[in-house]
Amino acid sequence: MIPSAFEYLRPQTFDDAINLFAQHGENAKILAGGHSLIPTMKLRLAQPKVLIDLGRIADLNYIREQDGKIAVGAMATHHQIETSELLREKCPLLCEVAPQIGDVQVRNRGTIGGSLAHADPAADWPAAILALDAELEVAGPDGARVIQAKKFFVDLFQTALKPNELLREIRLPATSKAVAYVKFAQRASGFAIAGAAVVIRPESKAVGIGITGVAAKAYRATASEKKLEGQPLASENIAAAADKASNRVEALNDIHASADFRKHLARVNTKRALELAAARAER
Ligand SMILES: Cc1cc2nc3c(=O)[nH]c(=O)nc-3n(C[C@H](O)[C@H](O)[C@H](O)COP(=O)(O)OP(=O)(O)OC[C@H]3O[C@@H](n4cnc5c(N)ncnc54)[C@H](O)[C@@H]3O)c2cc1C
């Protein structure tokens, strides 16, 4: 349980972090809250020679309004998100997801950027940022670029980040209170066996649905979304849409749940999240 030796670097600015990461290449790993990386290092599944700690970079840790969106810095912790008044007011889905992550210690150290970059198939944030249609700003030695949430998750623990890029910011649209996140959690860790995040956009009569825990990567339940397009959120429409939440999905099958059970949970949790969000829309 002791990691192999590594050099520890603590840049003070984001640009320094980019330069150090480029300089050390594949020998280096970025350290955020360490709640996924450090266990992996202790098990020697990862043996980086250099750790680049983002913890001292003040301008990566914020939650603010910016150009009509809400911008969350990659180093914002789950706890900061859970207790943010701005998010509670303008993007309440994040405040509903955050307290469902792990336990108090995990929420105090773990960051949204670390979670998204890690792309654990059972992590909670991916479902929310997919449902919200968020944008992710990433940056590397060649400059910054924006990746749409739906293009960010590539496969099991794989994202669209290039090897020398860092995630800097998550940009979210303001929403109404008509949102919900419902998950069936793995008892010991809290990770999702199946989690469904729903955002109702009354202005466009559309719904965003993100699902995590079920497949190798989190996904948008597009067949369910299409079924509800322009439709009233009546219970029969919700049930018909939720039925499609695991359509054509290759579900994971492991010691925690079979593929069939995961697909079943995806449908049930999508239905419950849609019902909850619809009830909140009426208030
Ligand atoms: C006991 C336990 C229970 C947990 N339960 C849950 C749960 O219920 N739900 C859930 O969603 N999560 C859960 N987690 C995971 C937790 O949310 C972590 O916060 C998350 O996995 C990683 O965030 P981190 O800040 O700790 O990242 P780290 O562990 O520091 O980094 C994770 C990976 O991302 C990379 N990385 C980090 N930041 C960046 C960046 N800005 N740019 C590019 N790459 C970056 C690192 O190099 C590393 O490869 C749990 C963890 C533990 C230990």
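We count ligands from 1, going down the list as the structure has it; atoms in each ligand are counted the same way.
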Just which atoms of ligand 1 are under 4.0 Å from any heavy atom in [X]?
| X | value |
| --- | --- |
| G33 | 24 (P), 25 (O), 26 (O), 27 (O), 30 (O) |
| G110 | 19 (O), 25 (O), 26 (O) |
| G190 | 7 (C), 8 (O) |
| K29 | 47 (O), 49 (O) |
| T111 | 19 (O), 23 (O), 24 (P), 25 (O) |

Please say whether [X] places an N or O atom under 3.5 Å from an N or O atom belonging to ligand 1.
| X | result |
| --- | --- |
| A32 | yes |
| L37 | yes |
| V106 | no |
| L31 | no |
| E165 | no |
| W125 | no |
| A74 | no |
| I30 | yes |

Inset, instruction - Locate the shortest heavy-atom distance separating A128 from V97; write the atom from each residue and the value. - result: CB-CG2, 4.0 Å
Inset, instruction - Compare every heavy atom of R262 with every heavy atom of G213, then report the nearest pair and how far apart it is. - result: O-NE, 2.9 Å
Which segment of [X] sits under 4.0 Å of ligand 1 when only heavy atoms are counted:
| X | value |
| --- | --- |
| M41 | neither |
| L167 | both |
| H78 | side chain |
| L54 | side chain |

Inset, instruction - State which residue, out of R220, R201, K205, K150, fulfils the salt bridge (Lys or Arg N to Asp or Glu O under 4.0 Å) condition with E225. - result: R220
Under a 4.0 Å threshold between the charged nitrogen and the carboxylate oxygen, would [Y] count as salt-bridged to [X]?
| X | Y | result |
| --- | --- | --- |
| R145 | E165 | yes |
| E96 | K177 | no |
| K49 | E7 | no |
| K162 | D142 | no |
| E169 | R171 | yes |

Inset, instruction - Would you tell me which option among S189, A46, A117, G55 has the nearest heavy-atom contact to atom 44 (N) of ligand 1? - result: A117
For [atom], what is the nearest protein heavy atom, given as residue, atom name and distance?
| atom | result |
| --- | --- |
| atom 7 (C) of ligand 1 | G102 N, 3.3 Å |
| atom 12 (N) of ligand 1 | F191 CE2, 3.2 Å |
| atom 26 (O) of ligand 1 | H35 N, 2.7 Å |
| atom 33 (C) of ligand 1 | H118 ND1, 3.7 Å |
| atom 32 (C) of ligand 1 | G114 O, 3.7 Å |
| atom 11 (O) of ligand 1 | D124 N, 2.8 Å |
| atom 20 (C) of ligand 1 | S36 OG, 3.5 Å |

Taking [Y]'s backbone N and O only, do any of them form a donor-acceptor pair with [X]'s side chain (distance below 3.5 Å, no angle check)?
| X | Y | answer |
| --- | --- | --- |
| N237 | P232 | yes |
| R88 | E82 | yes |
| S246 | V249 | no |
| R107 | T77 | no |
| T175 | L93 | no |
| T270 | A242 | no |

Inset, instruction - Give a yes/no verdict on whether any heavy atom in D120 is under 4.0 Å from an atom of ligand 1. - result: no
Inset, instruction - Examine ligand 1 and decide if any of its atoms is less than 4.0 Å from a heavy atom belonging to E169. - result: no
Inset, instruction - Could you walk me through whether E275 and K271 pass the salt bridge (Lys or Arg N to Asp or Glu O under 4.0 Å) test, one step at a time? - result: CA-CA 6 Å; E275 285 167 349; K271 180 166 174 285; 3.1 Å; yes
Inset, instruction - State which residue, out of H78, K183, Q100, fulfils the side chain to side chain donor-acceptor pair (under 3.5 Å) condition with D124. - result: K183
